[in-house]
K.L.:
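Just passing along the structure, written as structure tokens.
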Amino acid sequence: MAAEREPPPLGDGKPTDFEELEEGEDLFTSTVSTLESSPSSPEPASLLAEDVSTNSNGPKPAEVVLDDDREDLFAEATEEVSLDSPEREPIPSSEPSPAVTPVTPTTLIAPRIESKSMSAPVIFDRSREEIEEEANGDVFDIEIGVSDPEKVGDGMNAYMAYRVTTKTSLSMFSKSEFSVKRRFSDFLGLHSKLASKYLHVGYIVPPAPEKSIVGMTKVKVGKEDSSSTEFVEKRRAALERYLQRTVKHPTLLQDPDLRQFLESSELPRAVNTQALSGAGILRMVNKAADAVNKMTIKMNESDAWFEEKQQQFENLDQQLRKLHASVEALVCHRKELSANTAAFAKSAAMLGNSEDHTALSRALSQLAEVEEKIDQLHQEQAFADFYMFSELLSDYIRLIAAVKGVFDHRMKCWQKWEDAQITLLKKRETEAKMMVANKPDKIQQAKNEIREWEAKVQQGERDFEQISKTIRKEVGRFEASIIILYFS
Amino acid sequence: MEEHQEAGKESKVEKGCNPLCQPPPHSMIPSDAQSGSGPSSISADLPGDSSLWVEISDAVSERDKVKFTVQTKSCLPHFAQTEFSVVRQHEEFIWLHDAFVENEEYAGLIIPPAPPRPDFEASREKLQKLGEGDSCVTREEFAKMKQELEAEYLAIFKKTVAMHEVFLQRLAAHPTLRQDHNFSVFLEYGQDLRVRGKNRKELLGGFLRNIVKSADEALITGMSGLKEVDDFFEHERTFLLEYHIRIQDACLQADRVIHSHKSLAEGFNPISAALNSLGTQEVNQLKTSFFKLAELFERLRKLESRVVSDEDLKLSDLLRYYMRDSQAAKDLLYRRLRALADYENANKALDKARTRNREVRTAESHQQLCCQRFERLSDSAKQELMDFKSRRISSFRKNLIELAELELKHAKASTLLLRNTLVILKGEP
């Protein structure tokens, strides 16, 4: 099995590979970290210490690489990492039973699948590795804060401007500390740009906080009551969390749009994020179409990992929603309790006043004071519960929705791939027919088309694999962050 | 309905082993060994006297009636035996109370307020709803809720028993009231007293009487002619009026606090359940964390509900009882005022009779009567009111101290719990 391998199609494969390496080497700053023994792979652990550079930037096509290619890659990589090169040799040969063995749908792609399955665990482990490194070393030294909500303008055209402060030591930014003013629609614009770029390739783009027409209108109108200040505070916290999550993602961090968002003082107004606009309606239509599509596409899930994970996410989503609901109820009760305690405190104070026995009177007024303090405490607790727990949960629920979106994209990608394969098949048949009928020019045309479709098929496969890989990585990262945040 | 009886039986057993009531009062100190047990804590410092000791040793709840077993130990001569017990129902308690109230002789005394009607409606409804079955509730949750409901039912049950007991014990302790004939009948008569609950006419009559009484009161006090001769009473009156209003308000607020606190404590339950199910999902280290968290919330809930029930018992019940007691004191004052008004009227009548020189004798005797009555009332009222005050103060003190101690204890426990859980959770990588 190791022997029979078809040469990968020319073209895209190699060049991008090397490009990436170069970029990767620039950014690779972390040291080799301890290895986690991956549960599935039989590969030697040393491979895992390998470098992240190939994986760190932009859309990484999952190469269908040959032995030689891989060795080349490794050869380059040895400059970065202090590893014994001889250990690399055994890798190509140790193909036997990759952990994830997808069932091959058609014989045509069989060899490719196998080779991919070889590379898959490698990449998978590499990516696991990467997670470890990220968790251990603080590669990305960047801190973001969102503060100072200010009301700008007036009447229905008013909006809240937030100050986004960045402190970083990364070289790609021009300064180490800077701050800009942004408004909510700017955030939404950033999200839509990132989403359009990355979502279909498989990255989990953190969702932006939701628009709330009621809340904003209250603020615009200028109602200075506690509910609108709460709303602004909620939004500010949500925006901060959103940005922090976005910059934690290594790929998204490299994005020029993000950089522009953080750095430039003036940003073109993102009008298509407005609630009522052409773009908005287009979005809604798209969403509806997607929903219909989801019901019609019947994906032949070839990868057990995905099926399992999808199921897990479904369950997780449901449970998080339940938890969120109960936490909201808890917060509500606590607020009620604090209000009632305040009333009781007042009442006890009055009782203490009317009591003529001095000691008892004093005792009662002290009781009143204590109750007031309890009331304050309960309020604080309610807020803490709310901001830490409840909001976090709702964030995660939205994240899971984003994850599901990614899964859906993967499905769409697979669909495209299938279609491409079918077309390829058809083209091949046409070619064969042409051969038989002996029409040279048509043959040429057919050949061209075949090549084109082969490329598309390749692309489809690569995308597919890319998505799968990315998803795995993201999922791992996602899971690790939950509990830590709760206690922070 | 089996559950009710079951709960009743449970209460029987429990009553046997932890005496809720006060031990034979040789010890002059109302002992209240259990935190959160009843009657003596509310009306503390009952004058100890071993000649008559009453307790409710048992209680059974059937359908919608509660039957109390009243046990008496006495060495007073007018009782046939030294130890005996009878079974009584709530209506009979009410009858006894009304008998006291309507008795002219006791007009100068504060009649202990009647115990409230046993009310299991709320928990009965909940039990029914639970029984109807809720498909979205898992089995464990269902079992938990059932347990909670049973505990709640039991708590209400215990409370109502305690209230009835306090009523009887105060009667027994009061030197004058205990000698009442009705009281001994109540305690002794083996068979059913056949007291029917007030029918509608009587209820209406009672209601009207209340209205008349309050109107009368307003009239009397409003009358410019009626001047309070005694400063003590004047002072007491203003005090009591204000106090009653305030304590009513405080009682209401306390109830609200308890209610929302209870729902807060219950709110921990679904969180715990959700965390549990999350824990079963996860496979890595998060799993143990989730389970730990779920456990934490479960324990927190238990703690919180204990706090709530303590608060309820110590604070809310205390306020409520004294609300009723102050109402009784107010009634006493009213009666005295009424007597004073009568006295004044009698004086005026006497004067009129003297001027007209007719029926002087009757007027005189009437006036004498009124005067005596008034004096008698004033004296006993004074005594009673002082008793009331001291009783109130000591019981407030006792309860508030206990409340504070309990809250402290629970707060310490919960901080300990939270801290431990934090340590455990942080300890895991």
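Computed over heavy atoms, backbone and side chain alike; hydrogens, waters and symmetry mates excluded.
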K.L.:
Quick check on Ile245(B) against chain A: is it the side chain, the backbone, both or neither that has a heavy atom closer than 4.5 Å?
P.N.:
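Neither; nothing under 4.5 Å.
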K.L.:
Would you name the heavy atoms of Ala250(B) and Ser347(A) that are closest together and state the gap between them?
P.N.:
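Reported closest heavy-atom pair: CA-OG, 2.8 Å.
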K.L.:
Identify which part of Leu400(B) has an atom lying under 4.5 Å from any heavy atom of chain A, answering side chain, backbone, both or neither.
P.N.:
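Side chain of Leu400(B) only, per the 4.5 Å heavy-atom cut-off to chain A.
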K.L.:
Please say whether more than 12 non-hydrogen atoms of neighbouring residues, nucleotides or ligands are located less than 6.0 Å from NZ in Lys346(A).
P.N.:
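No.
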K.L.:
Going by side-chain contact (heavy atoms from CB on, under 4.5 Å), Leu351(A) matches just one of Arg246(B), Gln253(B), Gln248(B). Which one?
P.N.:
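Going through Arg246(B), Gln253(B), Gln248(B) one by one, the side-chain contact (heavy atoms from CB on, under 4.5 Å) with Leu351(A) is satisfied by Arg246(B) alone.
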K.L.:
Let me confirm one number: the CZ-OG distance from Arg334(A) to Ser260(B), rounded to the nearest 0.5 Å.
P.N.:
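Here the interatomic distance stands at 11.0 Å.
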K.L.:
If you count the non-hydrogen atoms of other residues, nucleotides and ligands that lie under 6.0 Å from NE2 in His259(B), is the total more than 12?
P.N.:
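For His259(B), atom NE2 is not crowded (no more than 12 foreign heavy atoms under 6.0 Å).
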K.L.:
Side chain, backbone, both or neither: which part of Ala343(A) has a non-hydrogen atom closer than 4.5 Å to chain B?
P.N.:
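Contact with chain B: backbone and side chain both.
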K.L.:
Hey, could you give me the CZ/CG distance between Phe344(A) and Leu252(B), rounded to the nearest 0.5 Å?
P.N.:
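One gets 11.0 Å once the value is rounded to the nearest 0.5 Å.
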K.L.:
Does any backbone or side-chain atom of Tyr243(B) lie under 4.5 Å from a heavy atom of chain A? Answer side chain, backbone, both or neither.
P.N.:
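Contact with chain A is through both the backbone and side chain of Tyr243(B).
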